[in-house]
Amino acid sequence: MNLLIVDDDQLIVTSLKIILESDPNIHVIGTGTSGEEALNLFTILQPDILLMDIRMPGLTGIETGQKLLLQYPETKILYLTTFTDDEYIVEALRIGAKGYLLKQDFDSLIPALYAVYKGQNVFGNEIINKLPQLLVNEASTRGLSAFNLTDKEQLIIEEVANGLNNKEIAEKLFLGEGTIRNYISTILDKLELRDRTQLAIFYYKHLS
């Protein structure tokens, strides 16, 4: 996997590059120390994953990520930071980051990169414990009826929250896999959510 590392601390960038490249499948193809550099390097290098800090001078990691995801929706961003501020975590989720790890959880970094590379979402234990209380969008205060969900849609949300994939949900509900895919796309649009992780969090907050 090709990796771009961006952190405003050059020592951290250098250390991460050395440590991560000890894994033969990880190739650090670029490094930067600012959001502006991240934007330029990503456009040129097109890495598989952008490993980036949150708080940097100039463009923050969140602002950088938002710009990249608008231009390249398939961008895989994994934040690696020392900050557990609620607003950072919520914004990382809302813009569609694939993960949020704390630097003190360094032992889990390489497994997290592999998971993100495969399309999974990854969050450190401390972050996971915060998620149910944090993911609150504007509509959540209007009550469940405001979301206009059908019974079938609520059932599908529940199965997503239970960890089932589209094929498993289709078999359980006796529907086609494509039908389930369409349902989930419609549900995400209705709830103004980006992915299955946010959908699962929505379930535990509003439907469980």
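This one's a predicted model, so the numbers in the text were calculated from it and none came from an experiment. Computed from heavy atoms alone, side chains included, the values below leave out hydrogens, waters and symmetry copies.
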Query raised in the report: Between Asp9 and Lys103, is there a side-chain N and carboxylate O pair less than 4.0 Å apart?
Result: no
Query - Hydrophobic cluster membership, Leu69 vs Tyr72, 4.5 Å side-chain cutoff - result: yes
Report task. Say whether Ile44 and Leu50 are linked into one hydrophobic cluster, either directly or through other cluster members, by side-chain heavy-atom distances under 4.5 angstrom. Result -> yes
With rounding to the nearest 0.5 Å, note down the distance linking [atom1] in [X] to [atom2] in [Y].
| X | Y | atom1 | atom2 | answer |
| --- | --- | --- | --- | --- |
| Leu149 | Lys190 | CG | NZ | 5.5 Å |
| Leu3 | Leu113 | CG | CG | 5.5 Å |
| Ile95 | Lys67 | CD1 | NZ | 12.0 Å |
| Asp53 | Ile12 | CG | CD1 | 7.0 Å |
| Asn40 | Leu45 | CG | CG | 10.0 Å |
| Thr75 | Phe42 | OG1 | CZ | 3.5 Å |

Are [X] and [Y] close enough that some pair of their side-chain heavy atoms sits under 4.5 Å apart?
| X | Y | answer |
| --- | --- | --- |
| Tyr100 | Leu102 | yes |
| Thr60 | Tyr88 | no |
| Leu191 | Ile157 | yes |
| Lys98 | Ile49 | no |
| Arg55 | Thr81 | no |
| Tyr117 | Lys76 | no |
| Leu68 | Leu39 | yes |

Query - Qualifying residue, where the test is side-chain contact (heavy atoms from CB on, under 4.5 Å) with Leu51 and the options are Val116, Leu109, Ile77 - result: Leu109
Query raised in the report: Would you say the side-chain atoms of Asn162 pair up with the backbone N or O of Leu164, donor to acceptor, closer than 3.5 Å?
Result: no
Query raised in the report: With no hydrogens and no angle check, is any side-chain donor or acceptor of Tyr79 less than 3.5 Å from a backbone partner on Ala97?
Result: no
[X] versus [Y], closest heavy-atom pair with distance:
| X | Y | answer |
| --- | --- | --- |
| Arg196 | Ile184 | NH1-CD1, 3.3 Å |
| Thr64 | Met52 | CG2-SD, 3.8 Å |
| Ala161 | Ala200 | CA-CB, 3.9 Å |

Query raised in the report: Please walk me through it: do Lys152 and Leu175 pass side-chain contact (heavy atoms from CB on, under 4.5 Å)?
Result: CA-CA 11 Å; Lys152 181 63 66 64; Leu175 294 170; 4.1 Å; yes
Report task. Mind checking side chain to side chain donor-acceptor pair (under 3.5 Å) for Glu177 and listing every partner two or more places apart, or none if nothing turns up? Result -> none
Per-pair distances, 0.1 Å, donor-acceptor, side chain in residues 19-35, under 3.5 Å, sequence neighbours excluded:
{"from": "Glu21", "atom 1": "OE1", "to": "Lys17", "atom 2": "NZ", "distance (Å)": "3.1"}
{"from": "Glu21", "atom 1": "OE2", "to": "Val28", "atom 2": "N", "distance (Å)": "2.9"}
{"from": "Ser22", "atom 1": "OG", "to": "Ile19", "atom 2": "O", "distance (Å)": "2.4"}
{"from": "Asp23", "atom 1": "OD1", "to": "Asn25", "atom 2": "N", "distance (Å)": "2.8"}
{"from": "Asp23", "atom 1": "OD1", "to": "Tyr114", "atom 2": "OH", "distance (Å)": "2.8"}
{"from": "Asp23", "atom 1": "OD2", "to": "Tyr114", "atom 2": "OH", "distance (Å)": "3.1"}
{"from": "Asn25", "atom 1": "ND2", "to": "Tyr114", "atom 2": "OH", "distance (Å)": "3.1"}
{"from": "Thr33", "atom 1": "OG1", "to": "Glu37", "atom 2": "OE1", "distance (Å)": "2.9"}
{"from": "Ser34", "atom 1": "OG", "to": "Glu37", "atom 2": "N", "distance (Å)": "3.1"}

Query raised in the report: After noting the C-alpha distance and the side-chain angles of Tyr183 and Ile169, does the key distance pass the side-chain contact (heavy atoms from CB on, under 4.5 Å) rule?
Result: CA-CA 11 Å; Tyr183 263 113; Ile169 297 173; over 6 Å; no
Report task. Could you tell me which residues satisfy side chain to side chain contact (heavy atoms under 4.5 Å, CB included) with Asn165, sequence neighbours excluded, listed by chain and number? Result -> Lys167, Glu168
